[in-house]
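One structure is given here, and the rest of the page talks about it.
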Amino acid sequence: VIELGLALWWFTIVLLAVMLHATAERRARLARTSWRRDLIPPHRLWGGELDRPPSTWPWARLLSAAARAVRSRGLPTEPSRGLRRLGRVGSVVSIAMALALVPFAGTWGGRPDGRALVVLDPDNGLLALVLLILLSDVAQVSIGLSDQSVWSRLGAVRIAGRALASIGLLVLVLGALVLETGSLRLHDLVLAQRGSFAPAAWLGSLFHWQGSSLFEVVRLPNWLALTQPLTAILFVPTLVLLLRRPLAFDPASALVGAAGFGLDDDPTDRWVAQLEQRLAAVLAASLFVVLFLGAGALPYVDSTRIAGALEPFVGEFVPGVLLIAIESGVFLAKLGLVFAVASKLRDASARLRDDQWLRLATRRLAPIAWANLLLVAALRQLSATWGELI
Amino acid sequence: MLADSLAGLLGNVSLGSSVGVSTGGWVFVALIAACFALPGCLVALARRLLPPDRRASIPLEPLAFGASPRVRRSPRHAVGLHRSLMTSVFVLALGLVLICFAAAIRSLGVTGTALATLFAGPTLIVALHARRRSLDS
């Protein structure tokens with residue numbers, strides 16, 4: 001029953017996150033054209049587009065989408081239907097399984113030995129995550145290859161190139177996190193980010209004088225984004241390469257669509273493509289929140305204390321549920337923040353061609369990731385030696 | 001010394017052995033899959049209620065870089081075919097490497113990764129250092 005409840009609760013959070021992503025993306029898209037009025041298509045002449053039907057009323061858009069879906073559909077001739085269906089199923093299952101690995105909150109009741117609040121909790125979660133992300137990319141490649149369209153095949157080549165260039169980078173980036181926490185389990189990474197640390201405490205231990213305790217006053221949350229900022233920075237382009245899939249009709253990317261989805265303008269295909277794209281974006285943002293922003297934990301607040309203060313009055317169950325609600329809300333707020341920052345970053349940065357992306361990943365980011373891995377190992381060894389000396 | 005430290009650190013990583021998906025996991029995957037499939041099923045149901053001439057599919061020619069004989073003789077067509085062939089070869093090779101990797105990790109444990117890193121790391125650094133640089137890098 002607990003497993004089913006967790007699955008339903010996490011499914012609700014994922015749906016809310018998908019809606020959040022859709023809203024943020026629509027707002028960013030409409031805001032992007034508002035400062036260049038000459039770029040807005042003349043609706044009187046064109047009668048609107050698929051993305052922007054003439055009405056802004058949501059129910060009218062829903063009805064028009066339903067009408068488009070039911071009308072006679074165009075089917076490209078000679079598609080490899082079996083491979084395409086297999087690719088779709090593989091893509092959906094791998095993205096869903098990867099989402100199920102995400103530990104959105106801490107433990108039941110905030111206790112260190114409580115049940116982990118995650119749908120799937122394998123001990124080798126990080127390895128499973130890498131394999132599932134790779135499987136989703138392979139599934140997208142197979143979808144692109146199943147179509148006869150040249151554009152789809154070029155989209156498949158794009159995704160294959162990106163996956164080949166960045167999967168090793170992902171392993172190197174995650175290796176630094178594994179060295180820090182000593183575990184391949186995702187939930188252990190979340191637990192390792194509880195509490196806070198004093199970034200200047202080593203200065204106090206260096207100079208033994210009376211005011212050295214002042215260095216302990218400034219404390220930061222123990223998030224890996226703050227303890228390993230370079231790893232966090234490297235993680236962002238890696239996930240962009242692996243999980244961002246601009247479609248043919250994406251006005252922001254202005255690139256040829258990836259892997260055949262939506263190229264024949266079939267509304268059902270379009271629905272599957274957009275939902276897969278949004279779920280991949282939610283997975284990427286969730287992974288950043290879990291691995292670098294402490295999942296649903298409130299900074300500077302010990303959830304064990306909240307539960308402990310309430311337990312004498314209302315028992316054990318109510319504080320546990322309350323903590324899940326609070327941490328889920330905090331998780332969603334952090335997701336929204338990541339979406340907003342990612343949108344601003346996308347607006348502020350240039351669009352790279354695929355060869356530029358691959359060059360950046362293989363010639364710049366991969367050596368930096370190697371150096372980061374060795375740096376983390378050296379720092380851990382140094383801090384252990386330093387602790388023994390003190 | 002640093003390499004020894006890295007090996008020691010990796011040796012401390014606990015490698016679990018639990019594999020398998022719980023009921024909650026399957027329920028979650030099924031719910032996500034239902035989100036994908038539900039609109040398509042509803043549309044198919046609605047289309048079955050329409051008269052046959054209204055729901056007939058329209059066959060489309062696949063998109064291409066043009067359909068003229070001149071374009072069909074274009075070298076880009078061969079390039080596209082070659083790229084798709086190379087993609088499938090690379091993806092297949094990658095899959096084979098990953099299967100071997102998973103099997104090796106399972107039998108040797110994470111310390112095997114440490115030893116492999118000790119072997120591959122210096123080789124990679126020497127190869128990167130000695131590679132022939134292009135003019136603009």
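Numbers restart at 1 for each chain; the letters A, B, ... are given by sequence-line order, proteins then strands. Computed over heavy atoms, backbone and side chain alike; hydrogens, waters and symmetry mates excluded.
A pairwise comparison of heavy atoms in A:Val119 and B:Ser22 identifies O-OG, 3.6 Å as the closest pair. Between A:Ala7 and B:Gly24, the shortest heavy-atom distance links the atoms CB-O, 3.3 Å. Looking at every heavy atom in both residues, A:Leu134 comes nearest to B:Leu94 through CD1-CD2, 3.9 Å. When all heavy atoms are compared, the tightest approach of B:Ala46 to A:Val70 is CB-CG2, 4.1 Å. Across all non-hydrogen atoms, the minimal contact from B:Val91 to A:Ala160 is CG2-CB, 4.3 Å.
Using a 4.5 Å cut-off between heavy atoms, B:Leu98 touches chain A through its side chain atoms alone. Proximity to chain B is absent for every atom of A:Val130, based on heavy atoms less than 4.5 angstrom apart. For A:Trp10, the parts sitting under 4.5 Å from any heavy atom of chain B are the backbone and the side chain alike. Of the two parts of B:Leu42, neither the backbone nor the side chain holds a non-hydrogen atom closer than 4.5 Å to a non-hydrogen atom of chain A. Interface residue A:Leu279: only side-chain heavy atoms are found under 4.5 Å from chain B. Residue A:Leu99 touches chain B through both its backbone and its side chain, counting heavy-atom pairs closer than 4.5 Å. Using a 4.5 Å cut-off between heavy atoms, A:Leu145 touches chain B through its side chain atoms alone. Using a 4.5 Å cut-off between heavy atoms, A:Ile95 does not touch chain B at all.
Ranking A:Leu164, A:Ile167, A:Val138 against chain B, the residue ahead of the rest is A:Leu164, based on heavy-atom pairs under 4.5 Å. In terms of non-hydrogen atom pairs under 4.5 Å with chain A, the most contact-rich of B:Cys35, B:Gly40, B:Ala44 is B:Cys35. Between chain B and the options A:Val14, A:Val92, A:Leu4, heavy-atom pairs under 4.5 Å are most frequent for A:Val92.
Listed by first and then second residue, the salt bridge (Lys or Arg N to Asp or Glu O under 4.0 Å) pairs involving residues 127-141 of chain A are A:Asp137-A:Arg245 (not counting sequence neighbours).
The side-chain contact (heavy atoms from CB on, under 4.5 Å) check on A:Ile368 picks up A:Leu230, A:Leu234, with sequence neighbours excluded.
Of the inter-residue distances, the one linking A:Met97 atom CE with B:Trp26 atom CH2 reads 5.0 Å to the nearest 0.5 angstrom. Here the CG-OG1 distance, from B:Leu31 to A:Thr12, works out to 8.5 Å after rounding to the nearest 0.5 Å. A:Leu8 CG to B:Phe28 CZ: the interatomic distance, rounded to the nearest 0.5 Å, is 10.5 Å.
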